[in-house]
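To start, the structure itself, in structure tokens.
Counting starts at 1 for both ligands and their atoms, in listed order. Sequential numbering from 1 along the given sequence is applied to the chain's residues. Because the structure is a prediction, the values reported are computed rather than measured.
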Amino acid sequence: MAFTSFAGRSYNVVSDEVKQSGSFDEIPMIDLTQPQEKVVESLRDACTRVGFFYISNHGIPQDIIDQVFSTAEGFFGLDDELKQQVHFNKGTALCGYEGFQNVYTDETKKPDLNEAFSWRYTPDMDSFNEKAETTRVEEKNVDNFLTSGQNLWPNAKPEMRRDISQYYSHVLKLARKLIRLFALVLKLPEAYFDQMMQHPGSMGKVLHYPPQPAKGADPPFGIGAHTDIECFTILCQGGDVPALQVLNPKGEWILAPPIRGTFVVNIGDMLARWSNDTFRSTIHRVLNITGRERYSMPVFIGPNYNTVIKPLETCLADGAKYDPIPAGLYVWKRLAISRLDKDEYERQRVKMESQLTLPIGA
Ligand SMILES: O=C(O)CCC(=O)C(=O)O
Ligand SMILES: [Fe+2]
């Protein structure tokens with residue numbers, strides 16, 4: 001069975017059976033409190049060979065995590081009418097509520113069996129970053145997708161804004177720590193990405209996957225097989241509901257179960273592209289056949305949307321494989337194609353391309 005991702009790469013999937021072993025037989029675990037050289041060495045292996053890893057001792061208090069999942073569960077339990085009030089179609093940032101089977105992720109266009117609520121970075125959600133407010137000015141000439149303040153927070157569940165913001169502030173801090181480690185892995189100065197991460201091109205999402213039948217010829221997936229769009233994802237799995245599967249190079253699906261006290265981190269297409277494929281962006285999907293409700297919360301991290309993603313100098317041994325593209329345009333195209341109808345996509349594309357242009361000589 002062949003699989004072509006939205007990023008245009010082909011993969012061979014040999015078996016639909018979930019294996020516990022393979023060419024990477026498990027997802028590495030990296031303790032962030034080890035000496036830095038050890039962390040960097042483990043990250044180099046994880047990012048180049050697997051594209052997925054767990055992190056332990058990440059520093060985010062468990063009660064903050066528990067709180068946000070409990071609030072999100074309450075939000076998903078609201079009447080549909082209340083959730084529809086913040087449907088992503090009501091805003092311009094492609095964020096807000098997505099109902100069951102509203103969106104598709106894999107190239108078969110089969111709708112995903114989840115409901116979700118998503119938000120975009122705004123400086124007021126970045127409370128550990130003293131420079132957050134001053135970076136807002138960088139975005140003043142662009143609107144729609146790129147403008148801050150477009151989040152659709154539900155009035156019917158005001159704790160969503162409070163608890164998500166609290167959690168997200170912590171995750172942003174962790175993300176800035178990780179990007180410094182990635183810089184070292186890529187043989188760049190530790191602070192190489194710092195400025196670009198002041199106002200990150202970032203989104204977050206909380207997802208609810210209902211249980212689904214274990215058998216069936218052509219089952220819907222909680223989320224279809226895909227690679228993530230941004231540079232990397234920090235994923236928190238709520239409860240103890242194993243359903244995330246990761247495709248190894250042999251074409252086998254490896255389970256990445258929740259491990260309390262850890263996050264799953266995975267590399268996305270933007271960092272694979274930026275690193276000229278030094279880092280791997282690995283295919284994954286969700287199939288919740290546990291009989292239980294599953295909740296998860298990925299935060300997608302990328303640089304400021306004006307950043308030009310051009311293969312990094314330290315990764316050019318085989319020549320640049322990719323053309324430069326503004327980060328915001330890359331993200332927008334990937335999100336919009338599975339969310340907007342064709343005419344609306346074309347209308348917005350023209351506008352986006354005129355707003356996000358490459359600097360001369362990029
Ligand atoms: O729910 C999960 O475990 C994964 C979600 C995911 O892959 C995504 O939202 O991109
Ligand atoms: Fe994903």
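The aromatic rings of F263 and H58 lie parallel to each other, their planes meeting at an angle below 30°, with 60° marking the opposite boundary. Under the 30°/60° scheme for interplanar angles, the aromatic rings of F76 and H208 are found to be tilted.
For ligand 1, the protein residues placed under 4.0 Å by at least one non-hydrogen atom are L207, Y209, I223, H226, D228, L235, L244, H284, V286, R294, S296, P298, F300.
A distance-only check finds a donor-acceptor pair linking the side chain of R273 to the backbone of D323 [under 3.5 Å]. A distance-only check finds a donor-acceptor pair linking the side chain of R294 to the backbone of V241 [under 3.5 Å]. Side-chain atoms of D112 come within 3.5 Å of backbone atoms of G224 as a donor-acceptor pair (strictly under, hydrogens ignored). Side chain of K90 to backbone of Q84: a donor-acceptor contact under 3.5 angstrom is found. Side chain of N288 to backbone of Y209: a donor-acceptor contact under 3.5 angstrom is found.
Partner W119 forms a ring pair (Phe, Tyr, Trp, His ring centres under 6.0 Å) with one of Y167, F88, Y168 and no other, that one being Y168.
Less than 2.8 Å away from the Fe ion (ligand 2), the protein contributes these N/O/S atoms: H226 NE2, D228 OD1, H284 NE2.
Figure legend: K157 and F75 shown without cation-pi pairing, the cationic atom not lying both under 6.0 angstrom from the six-membered ring centre and within 45 degrees of its axis.
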